[in-house]
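Working notes for the structure below.
Numbering starts at 1 and runs along the sequence shown. Counting starts at 1 for both ligands and their atoms, following the listed order.
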Amino acid sequence: MDELTKLSVNDVQITSTFWKRYRDLIAEESVPFQWDMINDKGKMDVTNAAAAGGAADHSGAIENLKIAAGRAEGHHFGYPFQDTDVYKWLQTVAYVLKYHFDPKMKEEADWTVDLIADAQDDDGYLSTYFQIDAPQRKFKRLQQSHELYSMGHYIEAGVAYYESTGNQKALDIAEKMAGCINNHFGPEDGKIHGYDGHPEIELALAKLYETTKNKTYLNLAKYFITERGQDLHFFDRQNKADGIDNDFFPELRTIGDRYYFADKPITEQKDAHGHAVRVLYFCTGLAHVARVEHDDKLLKAANTIWNDIVKKQMYITGNVGQTATGEAFTYDYDLPNDTDYGETCASVSMAFFTKQMLANEFNGQFGDIIEKEIFNGALSGIALDGKHYFYANPLEADPLASKLNPGKKHIALRRSSWFACACCPANITRLIASLDQYLYEIHDDVILSHQFIANDAKFNDGIEIKQTGNFPWDGNIDYAITNPNTSKFTFGIRIPAWSLDNYSIKVNGKEVEPDLKENVLYIPINDKTTAISLELNMNVHVVRANANVSADIMKVAVQRGPIVYCLEGVDNEEPLSRYVLGQKPSFDYNYQSKLLNGVGVVTTDDAYRIADDSDDSLYTFDRPKGVEKAHLEFIPYYAWANRDEKQMTVWLHQSEI
Ligand code: FUB
Ligand code: ZN
């Protein structure tokens, strides 16, 4: 490739059977369903209000915008950030329209953009709660108001909708909004020297910068990133001036700056703590701005937090945020399975953060975590019907415990259709609808393929890459690369950590051993056509947690390829806690096309079940009565809770590990 022509990706169409089903489901079921929800049509079926921001019977999100736009009358309904449910829906639509065009959906989205434009104040401000019911309090209680959070979500949606459909108005609203924020915030005298209690604006402004190349937005994003944690009295001062007990969320006034990830400037932070989604949205913006600005200090800070999460605070499924109290991270190696929060939004935003990290540095560990999220922790957030969602995603669940143990009441056994606080549904749908953006990264003359999701991709200079295969059920991946102008470039392929010990690769039919650097194979491409076949290790793995994880001591989990498995009471006799896996179990694997929309099932007969005790004493000096041989059936974690409400566990005991 001539030195001046930079490699770039023009189009990616996902052809993977697994993901096509999900993406069509989002287009055909989730988007129309969510549209009904935000328009207050249809029944809101909340199965567990404890994990849903309370119970509500309708959303009011579109109605709020209509009131702000002067098209209806009344008061604001719902949370101060209710607008974001509309924005995330719009963002999902923006991505869907690129692979599943639907004129009705486009018409609804265009109508929504017009409504949002009408709702926006002349100075660019938009947050319907404040416009309708508290105009005198705009930007006066940022600890709790979510104003910049809400506007950030619009900016993301507006950018995505403009890029997908060319709707200029969608982008204009975003720019006007960013202009308003820039007029009110920044280091200059007379502006507010502070930030929102809930990050989001940082990542949104970085995206707006990428689309417009207007440096004002990048500078403002960097301002919010570096200002956070500098003035520990900012929130208190604002709260006092606004009326100390005039709270939106009373429990959040005195919760402390750690909860807001605002207890120190980011360059001094050593670990992830506080509300998980806040940390992860913040770090997504952080990693993005660090890359664009070539700021090594910020990049180092992003690496520190990412490593702490992945190496010390992440569940095997990719779920993050261990406690329901504050929906928050707790501390290193604290990974309880049956009280886990693991909010769907947190897994989704972990994928956002990690995508930015990967764009900074080609290291297989980043691709591994994106893969972990999309096939496990994030994916479990959506039911197989596309119309029910989890807020919390535990690794162990028991209907009785959720009902009778107050400490586990946030664990739902069935996904809800919607929530009073409906942040999760459109978060998972916007991730799945944008998966085509998660397959390739380009640095100079290297194209990195880091996900095994079959696709047809077109790059500049006529380069085309076709990936085929039946992943995640099958580990044979084929690439057909067409390079009509014999441009010289290097093709990188991530070798996942779960296959590093055993994989093989052929280039044009010949076995090769290319360099493996940071878990990425690099293959020089010089010919007009190149065929690459990769064979990954699809043996079933038994996984053990670090010995510091007290919750998982003497326990193991089962994984095949990227899929983490679980036992469900539907397939195995309860209580599941009685099972013990044999020391060196052998497993069978078979794909069942009729089960759970088609899943690979793992079974073993190398297991035992602790027998019932001979009497009913609670404690005894006797040895256990004995064990019985048992047969276990594991299903993918992401597919649990799609049948009856039964126990589920990811981790199980193993005899003499
Ligand atoms: O505060 C806005 C959203 O609601 C957060 O991102 C979620 O965690 C939920 O608390
Ligand atoms: Zn959420």
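A heavy-atom separation below 4.0 Å is not found between Glu200 and ligand 1. Taking 4.0 Å as the cut-off, Cys421 counts as a neighbour of ligand 1 on heavy-atom distance.
Only the side chain of Tyr391 comes within 4.0 Å of ligand 1, counting heavy atoms alone; its backbone N, CA, C and O stay farther away. Residue-level proximity to ligand 1 for Phe81 is carried by the side chain, the only part with a heavy atom below 4.0 angstrom. At a heavy-atom distance under 4.0 Å, only side-chain atoms of Tyr149, from C-beta outward, approach ligand 1.
Contact of the Val93 side chain with the Arg430 side chain is not registered, since no non-hydrogen atoms from C-beta on lie closer than 4.5 Å. Between His288 and Thr284, every side-chain heavy-atom pair lies at or beyond the 4.5 Å cut-off. Residues Thr344 and Ile382 fail the side-chain proximity criterion, which asks for heavy atoms closer than 4.5 Å.
Partners of Tyr154 by ring-ring contact (aromatic ring centres under 6.0 Å, His included), not counting sequence neighbours, listed by chain and number: Tyr87.
A donor and an acceptor atom, one from each side chain of Gln143 and Asn239, are located under 3.5 Å apart.
Ring centers of Tyr438 and Trp19: at least 6.0 Å apart, outside the cut-off. Aromatic ring centres of Tyr223 and Phe185 lie farther apart than the 6.0 Å criterion allows. Taking the six-membered ring for Trp, Tyr195 and Phe234 have ring centres closer than 6.0 Å.
For atom 8 (O) of ligand 1, the closest non-hydrogen atom of the protein is Glu343 OE1, 2.8 Å. Nearest protein heavy-atom contact of atom 5 (C) of ligand 1 is His198 NE2, 3.3 Å. The protein heavy-atom contact nearest to atom 10 (O) of ligand 1 is Glu327 OE1, 2.6 Å. Among all non-hydrogen protein atoms, the one lying nearest atom 1 (O) of ligand 1 is His146 NE2, 2.7 Å.
Within the protein, the N, O or S atoms lying under 2.8 Å from the Zn ion (ligand 2) are Glu343 OE2, Cys345 SG, Cys423 SG, Cys424 SG.
The contact set between ligand 1 and Val277, taken as ligand atoms under 4.0 Å from a residue heavy atom, comprises 6 (O), 8 (O). Close approach to Cys423 involves these atoms of ligand 1, each under 4.0 Å from a residue heavy atom: 4 (O), 7 (C), 9 (C).
The closest donor-acceptor contact from the side chain of Lys372 to the backbone of Ile316 lies under 3.5 Å.
Here the CG-CH2 distance, from Asp36 to Trp418, works out to 10.0 Å after rounding to the nearest 0.5 Å.
For the pair Arg278 and Tyr260, the cation-pi test (distance below 6.0 Å, angle within 45°) is failed.
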